[in-house]
Amino acid sequence: MTQAPARAALVGNPNAGKSALFNALTGARQKIANYPGVTVERKAGRLVLPSGAPVELTDLPGSYGLHATSPDEEVTRKVIMGEFPGEPAPDVLVVVLDASNLEQHLVFAQEVIALGKPCVVALNMVDLAERDGLVVSAEALQEALGVPVIATVAVRRRGLGELADAIGSARASQTGAPHPPVPLVERRVTAHAIADAAIVSETSRHRLHARLDRVLLNPWLGPLILFALLFVVFQAVFTWATPFADALEALFAWLIAQARAVLPAGLLRDLLTDGILSGVGSVVVFLPQIVILFFFILAMEASGYMARAAFLMDRLMAGVGLSGRSFIPLLSSFACAIPGIMATRSITDPRDRLTTILIAPLMTCSARLPVYAVIIAAFIPNRAVFGPVGLQGLVLLGLYVIGIVAAMVVALVLRRSVTKGAASGFIMELPKYQMPRLQDLAIGLWQRAWIFLRRAGTIIFTVTVILWILLNFPRAGEGQNQVDASIAGKIANGLAVVVEPIGFNRDIALALIPAMAAREVAVSSLATSYAVGATDENQQAQQLGARLKASWTLPTALAFLAWFVFAPQCMSTIAVTRRETNGWKWPGFMLLYLFSLAYIFAGITYWSAVALGL
Ligand SMILES: Nc1nc2c(ncn2[C@@H]2O[C@H](COP(=O)(O)OP(=O)(O)OP(=O)(O)O)[C@@H](O)[C@H]2O)c(=O)[nH]1
Ligand SMILES: [Mg+2]
């Protein structure tokens, strides 16, 4: 009778495919992406062995060694050693190796195996190795390492049954006595010898990829190509999304008209039409734009190009005192600053990490897209600048670039003052190029779309309803505008005094406070307050863009855009910063410096635009 293991953990270098294996074995949906440092926390799931026995499987952050230097590697070490609070040590360690990068991955593998715990090696990515002309012999590897080796292809579910079998019997067949630790240099030499023995044939099909890298990583061509690519992305966000966005807008207009026709006039009908449908609908129409943006981001991640972009940016990052390690967290922040700030756990140097956390909110998160898009669509003419390049896409790209430049300048200043220290060198391991898999793309897009819609249905819905109530009470008297009479209107009048110098009007003042919950709320708040304040049918039927155009000047609109590049209008980002920095000091600092920048830059934008006669 063999004793089945109760817990197993996946360990290995970053980007070996641990999370992909974890997902395939447990049916989970952990994020996987083609660059190192994706997983920064441990995640548990249940694997059912062929015998029917359940095993608790843990996915760990990638690591280069047991002497952890960064917070995420520390998690890995503690779990392996059984030092993680409240979690017994795993019974079996599943060491995941990238077959196409064998020598490098064997360095850490030896260290893990030497612990003497029951081990199984998953020789993953054998498909990539084969594609590159490498044939790796699992038998030879097994011979050299002294533990079972199973060839796998996580993303094609190859070898999973054998791997589960091996995990099931590993505990019984191996008795552990730790070997004395072997110094790193020696492990490197051994890794070279083992890889040499295990690699049966190697032909040079690396050539195409090497040639691709010569172009894409060329110091002059590389950045140009990257910029051109981003250019296409932002054009597409506007042009491709238009028909879908129009359709969604029409759908909401139809729903509002239906509600007006069917329901009896009264507060309840107004809540549904002016509050919920106008507010939430004004944000939901940006779903196509979000999906298109993420299509490109996910495709660039999966193909291995994103890691090249990080490599290209490394010099720039070093110039402002950050390491290339900051690139991935900053990149994630384009989706949302929250995962971005969490991803900083892979940064070794605490000051480096803090700087990255502090500038992460300057990366344009997807919540800003609805705000930018609604203003750009209303105020920036939809005309071609040259060829197919449109002005609207250009302005959008410009806003992203301003955010990045501001982040770099802030990093430079912080690294010389608050987080003083030298930049640490970091060389990123470049993943193999891969064709993005349609299924992965679809799942990724679905997850993104779902996050967006869930926000619309929860935060944005709630804030909109509260705002609608504050806008409707107390009721306006004869000849008085409802917004002027309401509680929200009174609060906004007070705030307007503060923001008038930077060109903001009462509409904006009204939107700023609810938008602290989430940036998109700025859009839904404007939509709701216009719907509530509308004095006749004509105004009620007007789309948000048309209303904005009729009541704001261009300098005001531009100042509003500038404000949103900087303003830290997101409770969750502040909360996650507090958690990751263990206190209120840094989130406080973040709020202060970002609001100051927002105020200053909105003001400069407004007054320059006025001076230019715009
Ligand atoms: N072709 C191929 N690709 C794979 C295989 N396993 C994983 N991948 C891809 O390799 C990349 C990295 O996979 P992850 O599972 O995120 O790697 P990880 O080891 O969890 O990385 P970290 O979380 O950064 O430590 C992803 O793009 C996967 O789709 C495989 O067997 N074959
Ligand atoms: Mg992972």
Side-chain angles (χ1 to χ4, degrees), residues 9-26 28-45 57-65 68 70-73 75-77 79 94-102 104-105 108-109 112 121-132 134 136 138 150-160 162-163 209 297-308 310 325 327-329 331-332 339 342-347 428-444:
L10 292 158
V11 293
N13 285 40
N15 212 41
K18 296 177 296 302
S19 301
L21 268 177
F22 178 78
N23 288 352
L25 288 169
T26 65
R29 287 270 169 85
Q30 273 276 82
K31 170 157 174 107
I32 60 172
N34 197 5
Y35 49 73
V38 178
T39 310
V40 290
E41 278 183 310
R42 71 191 211 300
K43 267 272 156 32
L57 188 65
T58 311
D59 181 25
L60 292 173
S63 183
Y64 294 100
S70 61
D72 61 339
E73 286 183 318
V75 170
T76 300
R77 190 185 61 82
V79 172
V94 183
V95 183
V96 185
L97 299 179
D98 172 358
S100 64
N101 229 331
L102 195 57
Q104 203 176 37
H105 284 217
F108 179 41
V112 176
V121 169
L123 181 63
N124 195 36
M125 305 211 186
V126 286
D127 58 329
L128 283 188
E130 273 162 28
R131 186 195 70 186
D132 292 344
L134 294 173
V136 183
I150 315 290
T152 60
V153 180
V155 293
R156 303 244 186 294
R157 310 189 63 89
R158 254 168 60 192
L160 295 187
E162 291 92 322
L163 184 61
H209 293 164
I297 292 185
L298 292 173
M300 288 200 270
E301 278 185 3
S303 63
Y305 181 72
M306 219 41 129
R308 266 82 187 172
R325 279 208 195 228
F327 183 81
I328 297 299
L331 187 75
S332 313
M342 283 172 57
T344 62
R345 291 184 192 176
S346 65
I347 302 175
M428 190 172 190
E429 178 185 337
L430 290 177
K432 305 261 144 133
Y433 285 108
Q434 288 216 57
M435 204 55 190
R437 295 185 348 122
L438 272 181
Q439 192 192 342
D440 289 350
L441 276 184
I443 292 174

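Numbers here simply count residues along the sequence, with the first being 1. Counting convention: from 1, in listed order, for ligands and their atoms alike.
- Summarising the geometry of P61 relative to T76, their closest heavy-atom pair is O-OG1, 2.8 Å, with the distance given to 0.1 Å.
- Between the side chains of S19 and D59, at least one donor N or O sits under 3.5 Å from an acceptor N or O.
- For atom 10 (O) of ligand 1, the closest heavy atom belonging to the protein is M125 CE, 3.3 Å.
- For atom 19 (O) of ligand 1, the nearest non-hydrogen atom of the protein is K18 NZ, 2.7 Å.
- Looking at ligand 1, you won't find any N or O of D59 less than 3.5 Å from one of its N or O atoms.
- For the pair I32/V38, no side-chain contact is recorded, criterion being any heavy-atom separation below 4.5 Å from C-beta on.
- Side-chain contact between M342 and E41: present, with at least one pair of heavy atoms (C-beta onward) separated by less than 4.5 Å.
- Between A302, S100, P431, A20, it is A20 that holds the heavy atom closest to atom 7 (C) of ligand 1.
- Residues S332 and P339 share a closest heavy-atom pair of CB-C, 4.5 Å.
- Using a 4.5 Å cut-off on side-chain heavy atoms (C-beta onward), L102 and L123 make contact.
- Checked against a 3.5 angstrom limit, the closest N/O atoms of I32 and ligand 1 fall outside it.
- For ligand 1, one of its N or O atoms has an N or O atom of A154 under 3.5 Å away.
- Where the criterion is an N or O separation shorter than 3.5 Å, residue side chain and backbone included, L128 fails it with respect to ligand 1.
- Between the side chain of N124 and the backbone N or O of A16 there is at least one donor-acceptor pair closer than 3.5 Å.
- The Mg ion (ligand 2) has no N, O or S atom of N15 under 2.8 Å away, backbone or side chain.
- For atom 12 (C) of ligand 1, the nearest non-hydrogen atom of the protein is N15 OD1, 2.9 Å.
- When heavy-atom distances to ligand 1 are checked against a 4.0 Å cut-off, Q434 comes that close only through its side chain, counted from C-beta outward.
- Protein heavy atom at the shortest distance from atom 13 (O) of ligand 1 is G17 CA, 3.6 Å.
- In this structure, the protein non-hydrogen atom closest to atom 6 (N) of ligand 1 is N124 ND2, 3.0 Å.
- Judged by the shortest distance from any of its heavy atoms, A33 lies inside the 4.0 Å radius around the atoms of ligand 1.
- Looking at ligand 1, you'll find an N or O of A16 within less than 3.5 Å of one of its N or O atoms.
- Close N/O approach between T39 and ligand 1 is found [any backbone or side-chain N/O within under 3.5 Å].
- Remark: ligand 1 atoms within the under-4.0 Å shell around heavy atoms of V153 are 30 (C), 31 (O), 32 (N).
- Environment of CZ in R437: crowded, with over 12 heavy atoms of neighbouring residues, nucleotides or ligands closer than 6.0 Å.
- The shortest distance between side-chain heavy atoms of K31 and K43 does not fall below 4.5 Å.
- When D440, D127, V38 are ranked by how near their heavy atoms come to atom 2 (C) of ligand 1, first place goes to D127.
- Residue-ligand proximity, G62 to ligand 1, at heavy-atom distances under 4.0 Å covers atoms 25 (O).
- Side-chain contact between L160 and L21 is present, with heavy atoms from C-beta onward closer than 4.5 Å.
- Using a 4.5 Å heavy-atom threshold, the side chains of T39 and K18 count as separate.
- Residue contact annotation: Q30 places no N/O/S atom under 2.8 Å from the Mg ion (ligand 2).
- One N or O on the side chain of H105 and one on the backbone of D98 form a donor-acceptor pair closer than 3.5 Å.
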